[in-house]
> 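Got a structure for you, questions after.
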Amino acid sequence: MPMQVGERIAFAAYERPGAFQLPPVALAARGAGGEPPLRLDIFQQDRGQAGLERFSILSIAFAADFGLEQARGAAFDAGRRLALSALPNEGGWLRLSAVEALDLPPSLGELLPLDSASLGSMGLAVRLDSAATDLFVAALQRGLLAVNGQAWLRVRGVADRLPLTLDFDPAALLAAVRGLGGGAASVDLDLLRRRLIEAPQSMGLGLAASSGDLLKEPLADALIDRIVTRYATLLPSPADAATGVRVVFDGAAMISGSVRWNLSEPVLAPRLFAVEADPLGPLRSMPAASLHDTVVRRHDVRSLSSGWRALTVRPNLPERRIGIVQAQVDVQVPAKPPARMFTIKASARLAAADRPTTLDLRLSPKEELNYAWQATALMLSDGRAETIKGPLRHSTREHLMVAADDFGLRFVPVEAEPVFVEQADIEVECQGLRKGKPWSARANLDRTSASFAFAIPADVEQATIRALARARSDGTLRAMAPVEAEPLRLDAFSFEGSGSRELALHCEFDDGAPQRVIEIAPEDAVDQPARRRQVRFTRSAPQAQWTWLSLSPFRSGYRWRWSAQAPWSEVLQPDTPLRLHSSDAPRTTIGERT
């Protein structure tokens with residue numbers, strides 16, 4: 001259920017009344033732990049008779065900007081009490097601009113996959129061959145200021161639900177799509193939506209031109225979500241088209257027959273959001289020479305005879321993984337008689353950073369690389385070490401990307417707004433039941449480390465997260481109500497005491513004054529005229545209500561004064577009603593007779 005908040009669209013959180021989530025407004029390159037956000041790792045290896053092998057891995061680390069502070073201000077100004085938080089994503093795509101103008105490798109002009117590392121961070125890793133590596137290094141030396149990007153982030157949401165049942169033939173739907181798309185089995189998402197709004201009867205879904213009392217827009221959105229979930233895939237628009245989303249249909253799944261949909265049933269549907277992306281971020285201010293020295297790293301792999309292969313393993317995982325003692329990847333290449341009679345086994349330990357690791361595999365001459373691999377995590381459970389293995393996977397590539405989904409665990413990222421961890425340290429705990437027994441994991445967030453991810457075994461049930469913020473100034477504690485163990489971004493509005501507040505005001509007229517006026521403000525805003533308010537009391541209206549936005553759980557009180565010349569009161573807590581007596585006002589000679 002979308003809602004307009006200022007100039008943004010917020011989406012209602014499923015089965016969480018009053019909670020809404022916001023997609024990012026932009027992505028910007030930002031490194032962690034002092035690492036540059038953009039990095040080119042060049043690998044070179046002498047393979048004897050096979051010659052010199054040279055390739056590189058281009059990595060970009062992105063951080064998402066959700067614009068929560070501005071959205072919360074807009075919601076308050078509109079009189080809406082909404083709990084706004086960040087919308088998790090499942091990865092997406094990036095398309096770089098100015099690729100041809102800067103003589104960058106043509107492959108960088110294609111859609112590049114983005115992997116979600118945590119709630120607010122994403123990573124890109126692309127393998128470049130020797131020629132493409134040289135092109136990119138030359139572009140670095142000239143400068144990359146003209147490079148920008150467009151990102152499409154993939155999320156999931158509950159489809160609109162309407163009291164309607166319809167029957168249709170998938171083949172008829174496909175024929176209508178081909179007619180709309182000029183014969184192709186794909187169509188622009190906005191064009192499909194307009195057609196379903198303006199002429200729904202033309203899309204082969206058994207809909208009349210008018211569908212009773214149903215609104216056209218919600219009906220179109222409900223149909224699109226279900227069509228995409230069952231028969232199509234959402235992909236970014238082509239490079240030569242305006243920024244948007246295309247719906248690509250699977251013709252093999254749309255055979256002739258009869259299908260019935262009940263639009264009142266909940267369906268989890270994929271969606272794409274297009275946002276601007278800056279692949280350079282803080283590197284834009286660097287001279288070209290410094291940019292090259294900062295970004296490029298060279299790795300000379302020792303000379304090996306023919307038959308050796310270098311497998312590069314790169315993790316795309318949260319930097320802090322709570323609950324995991326060690327993570328690694330186990331690689332196995334089965335025997336290939338008669339050229340190679342033995343099975344090759346090798347392991348790569350996955351450090352906290354995303355630096356690539358190289359595994360040397362000795363194959364038989366002219367043998368193609370073909371291996372099985374498995375991610376393994378060593379965890380502490382009830383004081384004992386426990387090994388958890390992910391699914392067995394196969395690959396033929398010389399570059400292996402290891403993501404959170406490759407483990408037999410569920411990684412739940414927890415992040416804190418940098419501004420908030422300057423004010424407070426946060427204690428976070430994840431609790432649940434595992435095999436009928438309590439299970440928990442704990443971690444801290446502070447100004448030196450503002451993110452981590454809980455590694456939760458798949459058999460943990462009823463997992464929840466709770467947090468406690470401790471003010472660095474005076475040790476004041478503020479709690480956060482337990483929430484389901486899902487990606488979580490903590491800020492001032494996550495804890496009790498912040499957000500929209502309301503206060504009852506009353507003035508008892510115990511003298512002859514016809515009216516009284518006071519000035520009132522949040523405790524941290526007495527020097528901000530825009531956040532102060534004058535409240536007028538009269539004998540006929542001695543009561544009033546005042547609403548304000550508390551920006552900090554540690555400074556949620558208020559102060560007041562009789563006039564601009566009077567001193568401000570001490571800080572009063574928001575649960576303390578303000579009760580005044582007109583006779584207590586200081587006597588003045590301006591605008592009032594006594």
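Nothing fancy with the numbering, it's 1 onward along the sequence.
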> Under the criterion side chain to side chain contact (heavy atoms under 4.5 Å, CB included), which of Asp491, Val5, Leu551 is the partner of Arg72?
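With Arg72 as partner, side chain to side chain contact (heavy atoms under 4.5 Å, CB included) holds for just one option, Asp491.
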> Test your reading of the model: is there a side-chain donor-acceptor pair from Arg156 to the backbone of Glu90, 3.5 Å cut-off?
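Checking the backbone N and O of Glu90 against the side chain of Arg156, no donor-acceptor pair under 3.5 Å is found.
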> Checking the side chain of Gln150 only, and the main-chain atoms of Thr243 only, is there a donor and an acceptor separated by less than 3.5 Å?
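No; judged by distance alone, with no hydrogens or angles, the pair does not exist.
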> Decide yes or no on side-chain contact (heavy atoms from CB on, under 4.5 Å) for Glu486 and Arg410, but give the supporting numbers first.
CA-CA 10 Å; Glu486 298 292 342; Arg410 184 163 68 101; 4.2 Å; yes
> Write down the atom of Ala544, the atom of Val535, and the distance for their closest heavy-atom approach.
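Closest approach of Ala544 to Val535, heavy atoms only: CB-CG1, 3.8 Å.
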> State which residues pass salt bridge (Lys or Arg N to Asp or Glu O under 4.0 Å) with Arg536; sequence neighbours excluded, sorted by chain then number.
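Arg536 satisfies salt bridge (Lys or Arg N to Asp or Glu O under 4.0 Å) with no residue once adjacent residues are dropped.
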> Measure up the Phe420 and Phe495 rings against each other and bin them: parallel (under 30°), tilted (30 to 60°), perpendicular (over 60°).
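Phe420 and Phe495: parallel rings.
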> So which of Arg472, Arg470, Arg478 actually passes salt bridge (charged side-chain N to carboxylate O under 4.0 Å, His left out) with Asp425?
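Among Arg472, Arg470, Arg478, the one that satisfies the salt bridge (charged side-chain N to carboxylate O under 4.0 Å, His left out) with Asp425 is Arg472.
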> Anything under 30° is parallel, anything over 60° is perpendicular, the rest tilted; go ahead and classify Trp562 against Trp560.
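Perpendicular, since the angle between the ring planes exceeds 60°.
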> Between Arg559 and Glu523, is there a salt bridge with N-O shorter than 4.0 Å?
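Between Arg559 and Glu523 there is no salt bridge, as every charged N stays at least 4.0 Å from the carboxylate O atoms.
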> So which heavy atom on Leu234 is nearest to which on Trp93, and how close?
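Scanning both residues completely, I find the closest heavy atoms to be O-CH2, 3.9 Å.
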> With a 4.0 Å cut-off, would you call Glu417 and Arg489 a salt bridge?
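Here Glu417 pairs with Arg489 in a salt bridge, since their nearest N and O are under 4.0 Å apart.
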> When Leu27 is tested against each of Leu94, Ile60, Leu114 for side chain to side chain contact (heavy atoms under 4.5 Å, CB included), which residue passes?
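Checked Leu94, Ile60, Leu114 against Leu27; only one passes side chain to side chain contact (heavy atoms under 4.5 Å, CB included): Leu114.
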> Taking C-beta and beyond as the side chain, do Asn148 and Glu276 meet within less than 4.5 Å on heavy atoms?
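In short, these two side chains do not touch, never coming nearer than 4.5 Å.
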> Shortest non-hydrogen contact from Met379 to Ala455?
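Smallest heavy-atom distance, with atoms named: CE-O, 3.4 Å.
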> Among Arg533, Arg561, Gln534, which one satisfies side-chain hydrogen bond (donor to acceptor under 3.5 Å, both in side chains) with Glu519?
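Exactly one option meets the side-chain hydrogen bond (donor to acceptor under 3.5 Å, both in side chains) with Glu519, and it is Arg561.
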> Between Asp77 (side chain) and Ala74 (backbone), is there a donor-acceptor pair under 3.5 Å?
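No.
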